[in-house]
Amino acid sequence: MSSAARLRRVCAAALATATVASVGGSIILSPNLSSNDRGSGTVLEAVRSKINDPYANVPSRAVQESALIGASQANPLDILVVGGGATGCGVAFDAVTRGLRVGLVEREDFSSGTSSRSTKLIHGGVRYLEKAVFNLDYGQLKLVFHALEERKQVIENAPHLCHALPCMTPCFDWFEVVYYWAGLKMYDLVAGARLLHFSRYYSAKESIELFPTLAKKGNDRNLRGTVVYYDGQMNDSRVNVGLACSAALAGAAVLNHAEVISFLKDEATGRIIGARIRDNFSGKEFETYAKVVVNAAGPFCDSVRKLADKEATSMICPSSGVHIVLPDYYSPDGMGLIVPKTKDGRVVFMLPWLGRTVAGTTDSNTVITPLPEPHEDEIQFILDAISDYLSVKVRRTDVLSAWSGIRPLAVDPSAKSTESISRDHVVCEDYPGLVTITGGKWTTYRSMAEDAVDAAVKSGKLSPKNGSVTHNLRLMGGDGWEPSYFTVLAQQYVRMKRTYGGKVVPAIMDTAAAKHLSHAYGTLAERVAAIAQNEGLGKRLAHGYPFMEAEVAYCARNEYCESAVDFIARRSRLAFLDTDAAGRALPRVIEILAAEHKWDKSRKAQELRKAKEFLETFKSSKNAHFHDGKH
């Protein structure tokens, strides 16, 4: 197709999109409120008060396990969720806030799989919009409408963990300028009332001022300018942990490190009526009964389905997304870089994240494994791809961490590659009593969960007290949080640090530490700051990073942090930001967790070994060193 023809098609599609938005778009853009009203006052306020009670603590792990054991055949749960990722915890949160009796089990930790290894973007899908235009695919267009609605909602429901991020698209000829400007204006149009900020064009000079390391030439072509648009960014695993703990505060029995080993079936009908579960710490096995089981095991949902039916056909087409972390000087704070089409047609991005730069590429086929590892050629591809667009020398030795995540895409038999598979989700009940939810993406986790609970209610003939209320329900730490909240921490708390000689000395709660606590824990950050001040746990865990000892104790007490890996990978993000720094922090992390959980020497040695094995799957440069002088 010629450039002129492509441009005409973009313009025609923009008009069509405008028509959809003005005539029929309101149906898509509006929340699909149920007859019993998603926000019916008293229900929503009662749930909010439970989640946002500043003195509330999540029930202990032992209490949660007892609650699951207590779900007998005579008194079953309404719903048992298998899988503690974004979708599974979203299902538990949606169901419990409808007044249902809910349990959840996760084989590893909340967010231990795909949900902690995402791109960290909350997005509508610019690529899907492009495909909708050029394939005249209304289904893809609806998907973008829906994702953009959910994008704004995810940010509003966890404002401390999510924010809008400007993303720059470099243009090296005037056609690209017009093409991307028109396409991203269409993206703004589709977002409608859910728009974060308007996209706009910047000249080459303005672009270099905004992104100093951007190359002025690419493939022997001069930079003609950039188009900047907005999507959302998140701290993915902390949103996931927030979902799990919010569900627990609302009354769900959530249990990590507990694995379903078989299903219980009704002898007469064959319907699934529960599961046999093993606590992976104690080895203890127990049975839990439920009217419906929801399979939300992400890439592993086929293995869960095969526990019910060995002959079940596979639903998952696994796709690998590789990411690397580089020092902060690769990208300016508050501006990302997205290249929609590299030499081999893949998308490459480079985004500021938690004080460092995360870079990555799009889908490639993979096999399902519990701890996926990035291949060296994939790491090198990312480095080569971003080097074409940067003026800074790109070095393998700068890679602080590298990881791979498996995306559970729902199979379309006619699709030739994973990239052409839609991120839309699938809900099905192909075995009585077992509802499976798969596909989708982080951005749409909330509506996916709502659809799964609707299917479970229908399957089990359940009687919820109300419809879904999660559309306008902030996670713990989010209600009442403001971006200026960190000033309260900086002014009212000090960090008491224990020296090597055992003496406790005061240190200021500096801006970097205060901002980190505010964004990681929201309004609950004062509880962490109080531990740092009152228990002498104000020391940083690793040079150059704001994570402090008090967080380990807080997470052990309040966020089901049961292992060293739980902390370095999911409660804090140190393993993802800097593998070597995480390794150096391990002994102190284990020491604090041992005091909290009463571990013996054998358990401490086991934790150190497992954590080191985990960190070996993050392919950082063995000689990567990055110190920015922040103590």
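These values consider heavy atoms only, across backbone and side chains, with no hydrogens, waters or symmetry-generated copies.
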Thinking salt bridges, do [X] and [Y] make one under a 4.0 Å N-O criterion?
{"X": "Asp510", "Y": "Arg495", "answer": "yes"}
{"X": "Arg305", "Y": "Asp302", "answer": "yes"}
{"X": "Lys619", "Y": "Glu373", "answer": "yes"}
{"X": "Glu549", "Y": "Arg498", "answer": "no"}
{"X": "Lys610", "Y": "Glu613", "answer": "no"}

Evaluate the side-chain proximity of [Y] to [X]: yes if any heavy-atom separation is below 4.5 Å, no if none is.
{"X": "Leu517", "Y": "Glu551", "value": "yes"}
{"X": "Leu615", "Y": "Leu586", "value": "yes"}
{"X": "Asn240", "Y": "Tyr445", "value": "no"}
{"X": "Arg61", "Y": "Leu255", "value": "yes"}
{"X": "Phe110", "Y": "Arg570", "value": "no"}
{"X": "Lys120", "Y": "Asp236", "value": "yes"}
{"X": "Asp109", "Y": "Ser237", "value": "no"}
{"X": "Phe93", "Y": "Arg446", "value": "no"}

Measure from the side-chain N and O atoms of [X] to the backbone N and O of [Y], and report whether any donor-acceptor pair falls under 3.5 Å.
{"X": "Gln64", "Y": "Ala252", "value": "yes"}
{"X": "Trp353", "Y": "Met234", "value": "yes"}
{"X": "Arg117", "Y": "Ile406", "value": "no"}
{"X": "Asp231", "Y": "Leu121", "value": "no"}
{"X": "Glu106", "Y": "Glu108", "value": "yes"}
{"X": "Ser387", "Y": "Asp384", "value": "yes"}
{"X": "Ser116", "Y": "Ser111", "value": "yes"}
{"X": "Arg603", "Y": "Lys598", "value": "no"}
{"X": "Ser401", "Y": "Thr579", "value": "no"}
{"X": "Gln233", "Y": "His163", "value": "no"}

Spacing of [atom1] belonging to [X] relative to [atom2] belonging to [Y], to within rounding of 0.5 Å:
{"X": "Arg238", "Y": "His519", "atom1": "CZ", "atom2": "NE2", "result": "13.0 Å"}
{"X": "Thr444", "Y": "Ile122", "atom1": "OG1", "atom2": "CD1", "result": "12.0 Å"}
{"X": "Asn295", "Y": "Leu434", "atom1": "CG", "atom2": "CG", "result": "5.5 Å"}
{"X": "Leu574", "Y": "Leu541", "atom1": "CG", "atom2": "CG", "result": "7.5 Å"}
{"X": "Arg107", "Y": "Phe300", "atom1": "CZ", "atom2": "CZ", "result": "5.0 Å"}
{"X": "Leu400", "Y": "Asp580", "atom1": "CG", "atom2": "CG", "result": "8.0 Å"}

Heavy atoms only: give me the nearest [X]-[Y] pair and the separation to one decimal.
{"X": "Pro408", "Y": "Gly298", "result": "CB-C, 3.6 Å"}
{"X": "Gly251", "Y": "Val96", "result": "C-CG2, 3.7 Å"}
{"X": "Gly336", "Y": "Leu351", "result": "CA-CD2, 3.9 Å"}
{"X": "Ala532", "Y": "Ala550", "result": "N-CB, 3.5 Å"}
{"X": "Lys393", "Y": "Asp398", "result": "O-OD2, 4.4 Å"}
{"X": "Ala556", "Y": "Leu593", "result": "CB-CD2, 3.8 Å"}

query: Could Arg573 and Phe576 be counted as a cation-pi pair, given that NZ or CZ must be under 6.0 Å from the ring centre and within 45° of the axis?
result: yes
message: Checking Thr288 against Leu77 for the side-chain contact (heavy atoms from CB on, under 4.5 Å) test, could you report, in this order, the C-alpha distance in whole Å, the side-chain angles of both residues, the deciding distance, and whether it holds?
response: CA-CA 8 Å; Thr288 296; Leu77 298 169; 3.6 Å; yes
- request: Evaluate the side-chain contact (heavy atoms from CB on, under 4.5 Å) criterion for residues Asp578 and Arg356: first the C-alpha distance (whole Å), next the side-chain angles of each, then the deciding distance (0.1 Å), finally the verdict.
  value: CA-CA 9 Å; Asp578 189 331; Arg356 298 292 175 260; 5.6 Å; no
task: Before giving the answer on side chain to side chain donor-acceptor pair (under 3.5 Å), spell out for Glu607 and His597 the whole-Å C-alpha distance, their side-chain angles and the decisive distance to 0.1 Å.
output: CA-CA 12 Å; Glu607 286 292 325; His597 294 312; over 6 Å; no
Test log, rule side chain to side chain donor-acceptor pair (under 3.5 Å), inputs Thr114 and Trp442: CA-CA 10 Å; Thr114 305; Trp442 239 119; over 6 Å; no
task: Test Ser404 against Val322 for side-chain contact (heavy atoms from CB on, under 4.5 Å), laying out the working first.
output: CA-CA 4 Å; Ser404 175; Val322 172; 4.1 Å; yes
- prompt: Do Phe486 and His160 have their ring centres less than 6.0 Å from each other?
  reply: no
task: Please work out which of the three classes, parallel, tilted or perpendicular, describes the rings of His257 and Phe281, given edges at 30° and 60°.
output: tilted
task: Measure up the Phe614 and Phe618 rings against each other and bin them: parallel (under 30°), tilted (30 to 60°), perpendicular (over 60°).
output: tilted
Intermediate values then yes/no, side-chain contact (heavy atoms from CB on, under 4.5 Å), Val399 and Leu383: CA-CA 9 Å; Val399 176; Leu383 293 170; 4.1 Å; yes
field: Other residues, nucleotides, ligands: >12 heavy atoms within 6.0 Å of Asp377 CG
entry: yes
message: Around atom NZ of Lys50, are there more than 12 heavy atoms from other residues, nucleotides or ligands closer than 6.0 Å?
response: no
- request: Given salt bridge (Lys or Arg N to Asp or Glu O under 4.0 Å), test Arg557 with Glu535 step by step and report yes or no.
  value: CA-CA 14 Å; Arg557 298 169 196 174; Glu535 299 181 33; 2.8 Å; yes
Criterion ring pair (Phe, Tyr, Trp, His ring centres under 6.0 Å) on Phe349 and His323, from CA distance to verdict: CA-CA 10 Å; Phe349 56 84; His323 306 80; 5.8 Å; yes
